[in-house]
Amino acid sequence: MTSTPSGAISLTGRIECWPIAGTFTISRGAKTEAVVVVAEVSQGGLTGSGECVPYPRYGETPEATLQAIQAVQAPLASGMDRIALQERMPAGAARNALDCALADLEAKRAGRRIWNLLGRPAPEPCTTAYTISLGTSEAMAEASAKAAHRQLLKIKLGGDGDGARIAAVRKAAPRSELIVDANEAWTEDNLAANLAACADAGVTLIEQPLPAGKDAALARIRRPVAICADESVHDRASLAGLRGRYDAVNIKLDKTGGLTEALAMADAARALGFEIMIGCMVATSLAMAPAMLIAQAARFVDLDGPLLLAKDRDHGLRYEGSLIYPPDAALWG
């Protein structure tokens with residue numbers, strides 16, 4: 001995107017806090033609010049927006065992410081476009097917010113939807129997972145029973161007693177498809193037993209059972225359930241090393257550094273034979289909207305972030321049961 005007679009691009013950013021409905025718990029801890037960073041790029045009376053979630057797992061903080069966004073004000077004003085951004089900033093949350101904001105501005109300037117500009121199919125409604133937080137077997141069974149009408153449940157595991165947890169969940173939600181996310185919390189010692197328990201419960205997919213960098217055992221054992229890389233995969237550069245260990249990859253825009261790399265990564269992953277999962281952090285619909293372009297070719301869609309919030313932002317995505325609908329132009333793209 002180059003400067004036009006309507007003026008140079010201006011940039012603003014801010015940190016926002018969105019309360020979670022209850023508590024969201026995974027193996028690394030619990031939180032009661034989603035802290036997001038929003039980037040807005042404006043030109044000629046039009047504004048494009050993007051949202052990211054800094055992830056402490058990768059050393060990101062909201063404050064540092066906001067600073068990284070603000071640091072590219074001058075290059076943007078000088079005409080840096082979305083493609084040049086890929087070289088200017090590393091993959092991560094800050095680039096994600098900027099990349100999606102620039103894509104949104106492109107669509108507004110063209111008066112067209114972003115998928116048309118990118119030559120991608122128009123997104124259609126799709127089934128999204130609904131997350132069950134980590135807890136006791138009893139608590140997770142109770143939460144699963146309340147969500148048993150949903151087609152796809154994502155079960156957070158990651159501690160002693162995971163076998164009992166997944167068995168209790170399956171009993172409480174006998175007809176739902178189940179996927180599991182261990183968030184790197186299993187070990188080589190309990191891997192086989194946990195895989196067997198998931199297989200017995202009819203689990204379809206298991207995300208990141210072992211820590212990133214310590215997952216070589218996945219290539220040596222029989223995998224009775226498909227295994228999906230999450231923390232072990234970030235962008236296209238990390239795909240080749242996953243072959244033989246993983247069957248699928250979880251693409252998250254906060255890891256890829258935006259929609260631009262995410263689309264390229266999805267194409268590359270499919271070419272290597274991986275199934276695609278599109279995932280999210282707990283965030284508002286503004287963070288989910290760009291991911292809907294990836295969801296069209298994904299076997300597993302996990303874009304339930306707004307459903308976990310006490311309130312979503314204005315013009316949020318429409319959720320009906322397990323279906324998630326494409327974004328209106330008033331939200332993004």
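Computed from heavy atoms alone, side chains included, the values below leave out hydrogens, waters and symmetry copies.
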[X], [atom1] atom: more than 12 neighbouring heavy atoms under 6.0 Å:
{"X": "Glu124", "atom1": "CD", "answer": "no"}
{"X": "Arg270", "atom1": "CZ", "answer": "yes"}
{"X": "Glu87", "atom1": "CD", "answer": "no"}

Does a side-chain heavy-atom distance below 4.5 Å link [X] with [Y]?
{"X": "Ile20", "Y": "Leu309", "answer": "yes"}
{"X": "Trp186", "Y": "Gln208", "answer": "no"}
{"X": "Arg245", "Y": "Ile227", "answer": "no"}
{"X": "Leu191", "Y": "Leu218", "answer": "yes"}
{"X": "Gln86", "Y": "Arg95", "answer": "yes"}
{"X": "Leu66", "Y": "Pro62", "answer": "no"}
{"X": "Thr127", "Y": "Leu323", "answer": "yes"}
{"X": "Leu272", "Y": "Leu242", "answer": "no"}

Quick note, ring pair (Phe, Tyr, Trp, His ring centres under 6.0 Å) partners involving residues 207-245, not counting sequence neighbours, are Tyr58-His234
First locate atom [atom1] of [X], then atom [atom2] of [Y], and finally report the distance between them rounded to the nearest 0.5 Å.
{"X": "Asn250", "Y": "Ile179", "atom1": "CG", "atom2": "CD1", "result": "8.5 Å"}
{"X": "Asp162", "Y": "Lys156", "atom1": "CG", "atom2": "NZ", "result": "12.5 Å"}
{"X": "Ile166", "Y": "Cys198", "atom1": "CD1", "atom2": "SG", "result": "5.0 Å"}
{"X": "Gln73", "Y": "Met80", "atom1": "CD", "atom2": "CE", "result": "9.5 Å"}
{"X": "Asp99", "Y": "Thr260", "atom1": "CG", "atom2": "OG1", "result": "3.5 Å"}
{"X": "Leu134", "Y": "Asn183", "atom1": "CG", "atom2": "CG", "result": "9.0 Å"}

Minimum heavy-atom separation for [X] to [Y], with atom names?
{"X": "Cys52", "Y": "Ala94", "answer": "SG-N, 4.3 Å"}
{"X": "Ala93", "Y": "Val53", "answer": "CB-O, 3.9 Å"}
{"X": "Arg222", "Y": "Pro224", "answer": "O-CD, 3.1 Å"}
{"X": "Trp18", "Y": "Lys311", "answer": "CE3-O, 3.3 Å"}
{"X": "Arg223", "Y": "Ala219", "answer": "NH1-CA, 4.3 Å"}
{"X": "Ala287", "Y": "Glu51", "answer": "CB-OE2, 3.6 Å"}

Applying a strict under-4.5 Å side-chain criterion to I, L, V, M, F, W and Y, I'd like to know whether [X] and [Y] cluster together.
{"X": "Ile294", "Y": "Met265", "answer": "yes"}
{"X": "Val301", "Y": "Leu205", "answer": "no"}
{"X": "Leu152", "Y": "Val249", "answer": "no"}
{"X": "Phe300", "Y": "Met292", "answer": "no"}
{"X": "Leu286", "Y": "Ile324", "answer": "yes"}

So, the side chain of [X] versus the backbone of [Y]: is there a donor-acceptor pair under 3.5 Å, distance only?
{"X": "Lys214", "Y": "Glu184", "answer": "no"}
{"X": "Ser144", "Y": "Val169", "answer": "no"}
{"X": "Arg113", "Y": "Gly333", "answer": "yes"}
{"X": "Asp104", "Y": "Cys100", "answer": "no"}
{"X": "Glu40", "Y": "Thr12", "answer": "no"}
{"X": "Ser176", "Y": "Arg150", "answer": "yes"}
{"X": "Glu60", "Y": "Tyr55", "answer": "yes"}
{"X": "Arg299", "Y": "Glu275", "answer": "no"}
{"X": "Asp215", "Y": "Ala212", "answer": "no"}

Under the side chain to side chain contact (heavy atoms under 4.5 Å, CB included) test, residues paired with Arg120 that sit two or more places apart: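 In terms of side chain to side chain contact (heavy atoms under 4.5 Å, CB included), with neighbours along the sequence ignored, Arg120 is linked to Trp115, Leu118, Leu263, Asp267.
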Should Asp304 and Thr131 be marked as a side-chain hydrogen bond (donor to acceptor under 3.5 Å, both in side chains) after you check the CA-CA gap, both sets of side-chain angles, and the distance that decides it? CA-CA 7 Å; Asp304 67 339; Thr131 302; 2.9 Å; yes
Kindly determine whether Arg82 and Glu106 satisfy salt bridge (charged side-chain N to carboxylate O under 4.0 Å, His left out), including the steps that lead there. CA-CA 9 Å; Arg82 182 169 48 83; Glu106 285 179 39; 2.8 Å; yes
Using the rule side-chain contact (heavy atoms from CB on, under 4.5 Å), only one of Asp181, Leu157, Val180 pairs with Glu207; which is it?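 Between Glu207 and the candidates, side-chain contact (heavy atoms from CB on, under 4.5 Å) is satisfied uniquely by Asp181.
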Can Leu195 and Ile221 be said to form a side-chain contact (heavy atoms from CB on, under 4.5 Å), step by step? CA-CA 10 Å; Leu195 288 177; Ile221 67 168; 3.5 Å; yes
Derivation of the salt bridge (charged side-chain N to carboxylate O under 4.0 Å, His left out) call for Asp328 and Arg318: CA-CA 9 Å; Asp328 291 335; Arg318 179 158 61 103; over 6 Å; no
Test log, rule salt bridge (charged side-chain N to carboxylate O under 4.0 Å, His left out), inputs Asp200 and Arg170: CA-CA 10 Å; Asp200 288 344; Arg170 171 50 80 200; over 6 Å; no
Is a side-chain donor-acceptor pair under 3.5 Å present for Asn96 with Glu261?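 No - no donor-acceptor pair under 3.5 Å links their side chains.
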